[in-house]
Each structure stands twice: as C-alpha cells, then as structure tokens.
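Below is one structure, written out as structure tokens; comments come after it.
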Amino acid sequence: MTDYDYIRDGNAIYEKSFAIIRSEADLSRFSEAEADVAVRMIHAAGSVDAVRHFDFSPDFVTSARAALAAGAPIFCDAQMVAHGVTHARLPAGNEVICTLRDPRTATIAAEIGNTRSAAALKLWGERMAGAVVAIGNAPTALFFLLEMLRDGAPKPAAILGMPVGFVGAAESKDALAENSYGVPWAVVRGRLGGSAMAAAALNSLARPGL
Ligand SMILES: C/C1=C2N=C(/C=C3N=C(/C(C)=C4\N[C@@](C)([C@@H]5N=C1[C@](C)(CCC(=O)O)[C@H]5CC(=O)O)[C@@](C)(CC(=O)O)[C@@H]4CCC(=O)O)[C@@](C)(CC(=O)O)[C@@H]\3CCC(=O)O)C(C)(C)[C@@H]/2CCC(=O)O
C-alpha cells in the first residue's frame with residue numbers, strides 16, 4: 001500500500017500555508033493588524049490575488065476587535081458564515097446569531113418584498129448597536145442593512161461586507177465603502193467574497209495569528 005507524502009499535523013499545515021501567503025501576497029498597503037486579517041481571508045479563498053480586492057476603513061480592525069473583546073454579539077446573514085466561526089477563538093464567549101431560519105423571516109420577506117436574507121435583519125433590532133455584522137453571502141442583506149442604517153437603525157461597531165456573486169455583490173460593497181453611515185467597514189470588492197472569507201475574517205478579528 002502506498003503511503004502518500006503529505007503533512008498530517010494541522011498546525012504545521014496552517015503555519016506553512018500562512019508562510020506561503022505572506023511570501024506571495026502583496027500586503028504592503030495594510031497595517032500589521034489588517035494584514036493579519038487579510039492573510040486569513042486569502043487562506044479561505046485559496047487565492048493570493050484576492051488581496052487586491054480587500055479594503056478596510058482605517059478604524060475597522062480596532063473597532064471590531066474592541067467590540068468582540070467587550071462581548072459584542074456577531075450577526076451573520078447566512079448560517080454558513082455563522083457555522084464558520086471558531087467558537088474557541090471568541091474572546092468573550094460572544095453570541096453568533098443568524099436569523100435566516102427564524103420562523104418569522106419568510107413572513108417578513110413577503111411583507112417587505114425582499115429576500116429572506118434581507119428580511120432576517122429586521123429581527124436584529126436594538127442588539128445591532130455595537131455588534132459586529134458579517135454579510136458573507138447575500139447582496140440584498142447588505143443593501144438592506146444600509147437602508148436600515150439610513151433610516152436610523154442602531155449602529156454596529158463594524159460591518160464585514162463580503163457578499164459574493166454576480167448580481168448586486170459588487171454594487172452593495174461599493175455602496176458600503178462609499179457611505180457606511182459612520183460604521184467602520186471591510187469589503188472584498190467586485191464579485192469575490194463569500195461565507196468562508198467572512199468567517200475567516202471573523203476568526204482573525206476574534207484572535208489574531210494562527
Ligand atoms: C441569489 C442568491 C445567491 N446565493 C449565492 C450563493 C450561494 N448561496 C448558497 C446558499 C446555500 C444559500 N443562499 C441563500 C442565501 C439564497 N441565495 C440567494 C438568495 C435567493 C437571495 C439572496 C440575495 O440575492 O441577496 C437567497 C435566498 C433568500 O431568500 O435570501 C439561501 C438562504 C438559500 C436557501 O437555502 O434557502 C442559502 C443560505 C444558507 C445559509 O444560511 O448558509 C450557496 C451554497 C449556493 C448553492 O446552494 O448552490 C452559495 C454560497 C456562497 C457563499 O459563499 O456564501 C449568491 C451567488 C451570493 C447569490 C446572490 C448573487 C448572485 O449573483 O446571484
């Protein structure tokens with residue numbers, strides 16, 4: 001029987017992976033803290049080229065990390081984002097919330113004439129104040145979040161705008177970067193993004209390094 005030659009130690013795989021990313025990716029326009037988040041997002045994407053699409057507002061990492069350290073909840077648009085969060089990394093046992101499958105969401109979607117992903121945000125209420133919000137899948141959720149903020153909804157501490165796809169993804173992220181209603185933000189510009197990248201960013205914000 002053939003024994004394949006591959007690394008079997010999880011930490012060694014991560015260390016090698018992160019070293020490859022740091023040697024290949026141009027991280028020069030980022031602060032050290034932003035580069036740490038970017039490395040983990042590149043890791044999730046499997047593409048060093050993805051880094052060209054990352055943008056952070058200057059206060060994003062500081063604000064998100066402070067909120068998480070203070071115990072802020074994390075609101076996610078998709079279960080895939082929520083399930084990608086490594087709970088052991090969370091600094092204060094932070095709650096990770098996704099209301100997409102709440103029984104009320106479909107009714108709200110019909111009432112407001114929007115997707116379930118957008119409607120789910122209506123259930124976040126006052127708890128959105130000071131929270132960390134991660135949109136990793138649905139462009140409609142990010143557009144709707146901006147509409148809620150425009151209409152006076154409580155402001156989160158940070159918004160991860162990373163929906164993926166061909167319809168509305170690039171536009172929703174450009175809209176966030178153009179006017180975030182005063183909330184610190186991170187985006188993956190263009191069509192790239194996705195639940196895995198959003199979860200990876202959350203995991204890095206929760207605890208820097210490996
Ligand atoms: C139009 C939608 C898009 N979905 C994309 C990519 C993926 N979605 C997956 C899954 C399993 C889910 N997507 C939903 C969020 C569902 N997707 C939509 C909607 C129809 C509308 C959202 C929008 O345009 O903003 C949305 C349904 C809704 O009413 O909100 C999901 C809820 C569908 C469902 O299961 O009912 C579900 C989310 C499950 C969860 O909670 O995690 C994929 C895995 C694709 C698949 O199933 O084949 C994939 C995951 C991508 C990722 O990394 O997250 C797009 C490409 C984002 C697309 C929107 C843009 C476009 O260009 O079409």
Side-chain angles (χ1 to χ4, degrees), residues 21 37-55 73-87 90 94-125 127-128 131-151 153 156 158-181 183 185-206:
I21 291 166
V37 178
V39 165
R40 212 163 182 105
M41 290 167 63
I42 292 167
H43 183 248
S47 162
V48 289
D49 294 334
V51 75
R52 292 187 288 114
H53 303 269
F54 301 171
D55 267 332
I74 299 172
F75 284 100
C76 307
D77 66 327
Q79 296 286 346
M80 288 184 292
V81 179
H83 287 292
V85 174
T86 306
H87 286 253
L90 294 171
N94 311 67
E95 212 179 326
V96 182
I97 301 161
C98 175
T99 47
L100 186 60
R101 293 191 190 158
D102 186 287
R104 293 166 289 177
T105 298
T107 312
I108 298 170
E111 278 166 10
I112 66 171
N114 210 324
T115 64
R116 282 182 297 125
S117 300
L121 276 62
K122 289 278 251 181
L123 298 171
W124 295 357
R127 291 197 72 199
M128 207 158 75
V132 173
V133 170
I135 308 293
N137 180 305
T140 55
L142 184 51
F143 275 128
F144 194 63
L145 175 65
L146 294 175
E147 288 170 353
M148 285 170 59
L149 292 172
R150 176 202 63 199
D151 296 342
I159 300 171
L160 286 72
M162 302 179 184
V164 62
F166 301 88
V167 179
E171 294 85 348
S172 63
K173 293 177 285 192
D174 287 346
L176 169 65
E178 194 180 308
N179 182 4
S180 67
Y181 298 92
V183 181
W185 53 268
V187 295
V188 179
R189 302 260 187 191
R191 293 171 169 177
L192 286 184
S195 296
M197 264 204 248
L202 287 170
N203 287 334
S204 174
L205 292 166

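Just so you know, residue 1 is the first one in the sequence shown, and it goes up from there. Numbering of ligands and ligand atoms starts at 1, following listing order.
Among protein heavy atoms, atom 38 (C) of ligand 1 sits closest to Leu100 CD2, 4.0 Å. Closest to atom 42 (O) of ligand 1 among all protein heavy atoms lies Met80 N, 2.8 Å. With hydrogens left out, the protein atom closest to atom 62 (O) of ligand 1 is Phe166 N, 2.6 Å, a heavy atom. The closest protein non-hydrogen atom to atom 35 (O) of ligand 1 is Arg116 NH2, 4.5 Å. For atom 21 (C) of ligand 1, the closest heavy atom belonging to the protein is Thr115 CG2, 3.7 Å. In this structure, the protein non-hydrogen atom closest to atom 53 (O) of ligand 1 is Ser195 N, 2.8 Å. Here the protein heavy atom with the shortest distance to atom 24 (O) of ligand 1 is Thr140 CG2, 3.8 Å. The protein atom (non-hydrogen) at minimum distance from atom 41 (O) of ligand 1 is Gln79 N, 2.7 Å.
Nearest heavy atoms, Val167 versus Pro139: O-CG, 3.5 Å. Closest approach of Thr99 and Ala120 over heavy atoms only: OG1-O, 2.7 Å. Minimum interatomic distance between Leu146 and Tyr181 (heavy atoms only, all atoms of both residues): O-CE1, 3.6 Å. Closest approach of Val81 and Ala198 over heavy atoms only: CG1-CB, 4.1 Å. The two atoms that bring Ser117 and Ala141 nearest to each other are O-CB, 3.7 Å, heavy atoms only. The two atoms that bring Thr140 and Ala118 nearest to each other are O-CB, 3.8 Å, heavy atoms only.
Within a 4.0 Å radius of atom 8 (N) of ligand 1, the protein contributes one or more non-hydrogen atoms. Inside a 4.0 Å radius of atom 2 (C) of ligand 1 there is not any protein heavy atom. Protein heavy atoms come within 4.0 Å of atom 44 (C) of ligand 1. Protein non-hydrogen atoms do not reach within 4.0 Å of atom 48 (O) of ligand 1. Shown here, atom 32 (C) of ligand 1 is in close reach of the protein: a heavy atom of it lies under 4.0 Å off. Per-atom contact check: atom 60 (C) of ligand 1 touches the protein, criterion being a heavy-atom distance below 4.0 Å. Distance remark: protein heavy atom not present below 4.0 angstrom from atom 18 (C) of ligand 1. Less than 4.0 angstrom separates atom 51 (C) of ligand 1 from at least one non-hydrogen atom of the protein.
Near Ala78, meaning under 4.0 Å from any of its heavy atoms, are these atoms of ligand 1: 40 (C), 41 (O), 42 (O). Ligand-side atoms of ligand 1 in range of Gly165: 56 (C), 62 (O), range being under 4.0 angstrom from any heavy atom. Listed by number with element, the atoms of ligand 1 under 4.0 Å from a non-hydrogen atom of Ala138 are 22 (C), 23 (C), 25 (O).
With values rounded to the nearest 0.5 angstrom, Phe54 atom CZ is found 5.0 Å from Ile42 atom CD1. The OG atom of Ser204 sits 9.5 Å away from the CE atom of Met41 when rounded to the nearest 0.5 Å. Annotation: the span from Met128 atom CE to Leu123 atom CG amounts to 11.5 Å, rounded to 0.5 Å. Here CG of Leu192 is found 9.0 Å from CZ of Arg52. Values are rounded to the nearest 0.5 Å.
Of the polar atoms of Val167, at least one N or O is found under 3.5 Å from an N or O of ligand 1, judged by distance alone. Distances between N or O atoms of Val164 and those of ligand 1 include no value under 3.5 Å. The distance criterion of under 3.5 Å between nitrogen or oxygen atoms is met by Pro139 with respect to ligand 1.
Tested against Ile74, the residues Val133, Leu202, Ile97 include a single side chain to side chain contact (heavy atoms under 4.5 Å, CB included) partner, Leu202.
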Candidate pair Cys76 and Val96, rule side chain to side chain contact (heavy atoms under 4.5 Å, CB included), full reasoning: CA-CA 7 Å; Cys76 307; Val96 182; 3.9 Å; yes
Check against side chain to side chain contact (heavy atoms under 4.5 Å, CB included), Leu149 and Ile159: CA-CA 11 Å; Leu149 292 172; Ile159 300 171; 3.8 Å; yes
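When the options Ala109, Ser117, Ala44, Ala141 are ranked by their closest heavy atom to atom 26 (C) of ligand 1, first place goes to Ser117.
Of all the heavy atoms of Asn137, the ones lying under 4.0 Å from any atom of ligand 1 are found in both the backbone and the side chain.
Between the Ser47 side chain and the Ala50 main chain, a donor and an acceptor come within less than 3.5 Å of each other.
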